[in-house]
Asks: 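Let me give you the structure first, and then I'll get to my questions.
Each chain gets a letter, A, B and so on, in the order the sequences are listed, and its residues count up from 1. Just so you know, these numbers come straight off a predicted model, no measurement behind them.
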Number of protein chains: 2
Amino acid sequence: MSRPRAFDPDCVLDAARGVFETHGYEAASVQDLVDATGLSRSSLYAAFGDKHGLYLAALDRYSCAGGDALAQTVAAAAAPLDGIRAYLALVAEGGGCFLVNAAAERAATDPDTAGRAAEAWNRLHAAFADALRAAQADGALAPERDADALAATLGATVYGLRGMQSAGAPPEARVVVAETAFAALVGGA
Amino acid sequence: MSRPRAFDPDCVLDAARGVFETHGYEAASVQDLVDATGLSRSSLYAAFGDKHGLYLAALDRYSCAGGDALAQTVAAAAAPLDGIRAYLALVAEGGGCFLVNAAAERAATDPDTAGRAAEAWNRLHAAFADALRAAQADGALAPERDADALAATLGATVYGLRGMQSAGAPPEARVVVAETAFAALVGGA
DNA sequence: CTGTTTCTGGAACAGTCGTTCCAGAAGGTG
DNA sequence: CACCTTCTGGAACGACTGTTCCAGAAACAG
């Protein structure tokens with residue numbers, strides 16, 4: 001069976017994601033990736049093809065984990081609207097988003113990244129829309145409200161919170177935004 | 001008085017902004033900038049110092065023009081809330097934002113860009129807050145509403161619309177978000 | 001322990017990057 | 001017309017980029 005690989009691909013991808021997230025795609029050199037992952041150049045290239053392939057692999061892993069986080073947060077809540085509120089709070093307090101930054105930097109020129117960015121947006125929208133329709137079935141949200149429009153606006157709020165973080169807005173300001181948006185869109189207001 | 005310069009700095013900066021906006025900072029080569037601006041390498045370096053200086057100059061020019069657009073849109077409207085609505089519509093239909101993309105790509109590592117991103121956010125927030133307080137004085141907005149929180153949330157919506165565009169969301173979806181957010185935050189809802 | 005297969009580390013590659021420099025052209029002044 | 005200052009175009013620089021290649025080490029099968 002030959003010699004097995006001596007590294008964990010997921011750990012490598014997490015390390016690579018960290019480099020790409022802080023430096024951006026272009027500014028992240030292969031040397032940075034070698035240092036961060038602990039692998040040698042040859043092993044990196046053998047495992048992921050090239051820099052672009054490693055980037056996409058890191059993006060996919062992050063996208064998968066991020067989608068799970070959203071689904072779990074919404075599912076763990078007692079009521080659908082509580083899940084939405086909890087997820088907004090999570091985003092407000094959490095750090096920047098690899099996918100949103102990736103979209104801003106590369107979606108215009110890299111179709112692969114653009115596809116993943118679009119997919120991530122659709123997943124976010126769908127998760128919010130499902131929760132909103134569940135809330136309507138529960139009677140927690142008025143049935144005449146447009147669930148798709150509200151879901152898109154909540155998604156835009158998530159992206160706005162990421163953008164605020166890039167712009168240096170403090171966490172308290174982001175929490176205020178998350179609460180204000182939630183209250184105005186689906187909350188008691 | 002010697003020979004006057006044969007180019008318009010503002011035109012050069014607009015061309016440079018176009019290159020930086022579509023490629024990002026790192027992926028934009030000096031050769032791209034030379035081709036787009038029509039200047040020679042020497043003239044570019046003599047006028048702006050280096051690539052980073054040219055980038056900041058383009059950022060400043062864009063920031064100035066963008067700030068004027070916001071102020072003018074709000075000032076031209078019959079009522080403050082109409083101005084806000086018009087600006088949101090403008091952002092929803094307009095293209096990506098150089099400053100938001102710049103913040104996403106470079107604010108984490110470049111203090112100069114970070115400072116300009118923070119400044120732009122503050123200006124956006126202040127413009128919205130001023131309009132909202134004017135609306136409260138007019139009686140168009142209930143005086144007990146928190147103008148600062150609403151202004152921050154409107155600002156986040158603007159950033160969210162930019163992010164949606166990077167993620168490939170179609171203009172119609174962005175218009176829906178702009179209208180939904182406006183209605184829920186300060187509109188008739 | 002031998003053979004085989006795979007992974008590993010580092011050297012080497014061509015290409016491009018941002019930047020600098022210098023000779024020459026171009027306009028304004030006396 | 002001659003002078004002088006400034007801008008211009010292009011060649012040249014070293015450094016670094018992503019990528020490839022090759023010899024050697026390491027782990028499994030028999």
Asks: Over 60° means perpendicular and under 30° means parallel, so classify the ring planes of F98(A) and F20(A), tilted if in between.
Replies: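 Because their plane-to-plane angle is under 30°, the rings of F20(A) and F98(A) count as parallel.
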Asks: Could you state the CZ-P distance from F48(A) to dT19(D), rounded to the nearest angstrom?
Replies: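 One finds 14 Å between P of dT19(D) and CZ of F48(A), rounded.
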Asks: Regarding D60(B) and S63(B), do their side chains bring together a donor and an acceptor under 3.5 Å, going by distance alone?
Replies: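 No - no donor-acceptor pair under 3.5 Å links their side chains.
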Asks: On the nucleotide dT8(C), are OP1 or OP2 found under 4.0 Å from the side-chain N or O atoms that S43(A) carries?
Replies: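 For dT8(C), OP1/OP2 do have a side-chain N/O of S43(A) under 4.0 Å.
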Asks: Answer yes or no on whether K51(A) is positioned over the face of Y25(A), meaning its NZ or CZ is under 6.0 Å from the six-membered ring centre and within 45° of the axis.
Replies: yes
Asks: Using distance only, find each side-chain donor-acceptor pair of residues 7-19 of chain B under 3.5 Å and give its atom names and separation, not counting sequence neighbours.
Replies:
| from | atom 1 | to | atom 2 | distance (Å) |
| --- | --- | --- | --- | --- |
| D8(B) | OD1 | D10(B) | N | 3.2 |
| D14(B) | OD1 | R61(B) | NE | 2.9 |
| D14(B) | OD2 | R61(B) | NH2 | 3.0 |
| R17(B) | NH1 | E21(B) | OE1 | 2.8 |

Asks: Let me confirm one number: the CG-OG distance from D35(A) to S29(A), rounded to the nearest 0.5 Å.
Replies: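 Between atom CG of D35(A) and atom OG of S29(A) there are 7.5 Å.
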Asks: When the distance from CG of L44(B) to C1' of dG10(D) is rounded to whole Å, what number comes out?
Replies: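 Distance check: L44(B) CG to dG10(D) C1' gives 14 Å.
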Asks: What does nucleotides 14-21 of chain C look like as a protein-contact string, B for base, S for sugar-phosphate only, - for none, at under 4.0 angstrom between heavy atoms?
Replies: ---SSBBB
